[in-house]
Number of protein chains: 2
Amino acid sequence: MKINATNIAQMASASDVIFDALREAIARGDIGEGQVLRQDHIARMFNVSRIPVREALTRLEEQGLVATQRYRGAVVASLSIEEIREVFEFRALIEPEVLRLSIARISDDALAEARGFAEAFATEANSAKWGDLNRQFHYRLYEEARRPYYLQTIRAALDRVDRYLRAQLVLTSGMDRARQEHQQILDACIARDGERAAELTRAHILGACDSLVRFLETTRRPVGA
Amino acid sequence: MKINATNIAQMASASDVIFDALREAIARGDIGEGQVLRQDHIARMFNVSRIPVREALTRLEEQGLVATQRYRGAVVASLSIEEIREVFEFRALIEPEVLRLSIARISDDALAEARGFAEAFATEANSAKWGDLNRQFHYRLYEEARRPYYLQTIRAALDRVDRYLRAQLVLTSGMDRARQEHQQILDACIARDGERAAELTRAHILGACDSLVRFLETTRRPVGA
DNA sequence: ATATTGCAAATTGGATCCAAAAAACACAAG
DNA sequence: CTTGTGTTTTTTGGATCCAATTTGCAATAT
């Protein structure tokens with residue numbers, strides 16, 4: 001048997017790279033909602049033909065991150081306040097449950113790593129990094145649940161609303177409250193109190209949602225002035 | 001302004017048709033797990049080139065219904081018992097909540113339609129139709145929740161395990177119990193007892209899962225005989 | 001007989017080309 | 001100045017073609 005790269009790790013196809021790059025850019029808000037994604041433009045950015053770009057866009061549409069109209073191209077999906085609220089409501093149902101499952105078997109090492117992310121989140125000065133650190137903190141706690149399907153669902157839901165969440169974090173008091181709530185969640189995890197950790201997570205998500213919705217309702221008046 | 005078909009409804013692209021056809025065939029179990037899906041073969045079936053087929057396969061992979069390996073093609077995803085259990089556990093978390101939300105505003109008309117599906121399910125002699133009727137019954141009750149994101153998630157989860165569920169239905173006593181449980185759920189809905197309807201739905205899903213897993217554990221011994 | 005190597009066929013991933021539709025634009029009429 | 005119409009340009013959806021990789025098979029050596 002010859003040993004080459006494909007034996008070690010399956011080489012990522014071009015569309016995988018494009019998909020991941022666009023997915024992250026959309027989730028982070030680097031590409032604003034409503035912005036059109038031209039196949040040709042993206043193809044040139046990655047030095048490929050339009051074929052892998054179309055595959056990436058297809059996958060993004062399946063994930064709900066872009067909306068495509070026939071012969072009109074893809075635009076970054078924009079969510080109504082109602083849709084945003086629904087995704088948060090969904091997260092508030094799933095994530096506490098996953099954390100509960102996770103705590104039943106969580107190791108001290110995992111807790112220590114989560115604590116590291118929480119501290120990095122709390123002390124990071126660059127607000128552009130808050131979103132990633134927030135995600136890492138929660139994910140680290142969820143991973144121990146060993147529920148790949150749940151985690152995938154959570155990731156998809158968070159991808160949809162992450163750019164709004166990041167906007168909420170930089171609001172006054174948004175970051176302060178997140179810091180405190182992370183600490184409380186972590187304490188409950190360390191105490192192996194699944195019930196309390198779940199309830200705190202639920203409140204954490206719903207609180208962020210409320211704060212975000214209030215913010216959006218005062219700023220979003222594009223139609224009907 | 002000229003009026004033509006595209007004004008009335010956006011014409012479905014070729015890949016939409018292929019995607020829906022394959023998705024249903026996989027969910028229903030008409031294409032067995034592990035079966036390879038040759039691009040060329042499917043393309044000829046639909047009288048198109050491989051391009052729209054590849055788009056459909058890409059979307060199916062994003063939905064988790066097929067698994068693709070680079071240069072090796074796509075195969076219908078096969079789930080381990082653990083993975084099946086996780087999807088059912090997920091459904092048992094989501095669906096009761098959606099039903100609870102739905103009951104808060106459900107109309108008598110919707111209940112009548114759901115009753116119609118339940119009766120059709122209970123009296124249908126052709127076992128091949130049980131799966132669809134089962135789905136329609138539950139969906140009709142969920143729709144009134146007006147939660148498109150939840151519904152989409154439920155559909156994706158059910159697509160993954162529907163073929164197993166259909167196999168479980170035709171097991172002895174599987175159909176009998178489903179009939180009774182549907183009636184109980186319907187009664188609770190008619191009484192607008194969201195709490196009871198949710199708990200019955202949860203038991204309905206978990207019961208089917210247990211029955212299915214027992215069945216699979218006795219029949220599935222392909223490795224290590 | 002079995003394992004190994006080399007070649008041919010089959011299959012996928014990607015590039016290029018073409019047709020269909022939409023958007024942008026120019027221009028005439030009211 | 002606005003509105004409507006015809007034309008050009010842009011962009012997407014799909015077909016065809018080519019390269020990269022895998023798979024099947026045959027020939028050979030042990």
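Here the structure is a predicted model, which means the values were calculated and not measured. Below, chains carry the letters A, B, ... as their sequence lines are ordered, and counting in each starts from 1. Note: hydrogens, waters and symmetry copies are ignored here, and every other heavy atom, side chains too, is used.
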Looking at A:Asn126, is its backbone amide N or carbonyl O close enough to the side chain of A:Glu124 to form a donor-acceptor pair, meaning the two atoms are under 3.5 Å apart? yes
Would the distance check show the side chain of A:Asp16 and the main-chain N or O of A:Ser13 forming a donor-acceptor pair, the cut-off being under 3.5 Å? yes
Take the angle between the ring planes of A:His182 and A:His138 and call it parallel below 30°, perpendicular above 60°, tilted in between. perpendicular
So that I can tick it off, tell me whether [Y] and [X] are bridged by a salt bridge, with the cut-off set at under 4.0 angstrom between side-chain N and carboxylate O.
X        : Y        : value
A:Asp40  : A:Arg50  : no
B:Arg59  : A:Glu62  : yes
A:Arg135 : A:Asp159 : yes
A:Arg28  : A:Asp162 : no

What are the residues of residues 35-43 of chain A, sorted by number, that bring a heavy atom to within less than 4.0 Å of DNA chain D? A:Leu37, A:Arg38, A:Gln39
Could you write out each protein N or O paired with an N or O of nucleotides 15-17 of chain C at a distance under 3.5 Å?
{"unit_1": "C:dA15", "atom_1": "OP2", "unit_2": "A:Ser49", "atom_2": "N", "d": "2.8"}
{"unit_1": "C:dA15", "atom_1": "OP2", "unit_2": "A:Ser49", "atom_2": "OG", "d": "2.5"}

OP1 or OP2 of C:dA23 less than 4.0 angstrom from a side-chain nitrogen or oxygen of A:Arg72, does that happen here? yes
Does A:Glu24, at its CD atom, have more than 12 non-hydrogen atoms belonging to other residues, nucleotides or ligands within less than 6.0 Å? no
d(CD, B:Glu55; P, D:dG14) in whole Å: 7 Å
Provide, to the nearest angstrom, the distance between the OH atom belonging to B:Tyr71 and the P atom belonging to D:dT21. 5 Å
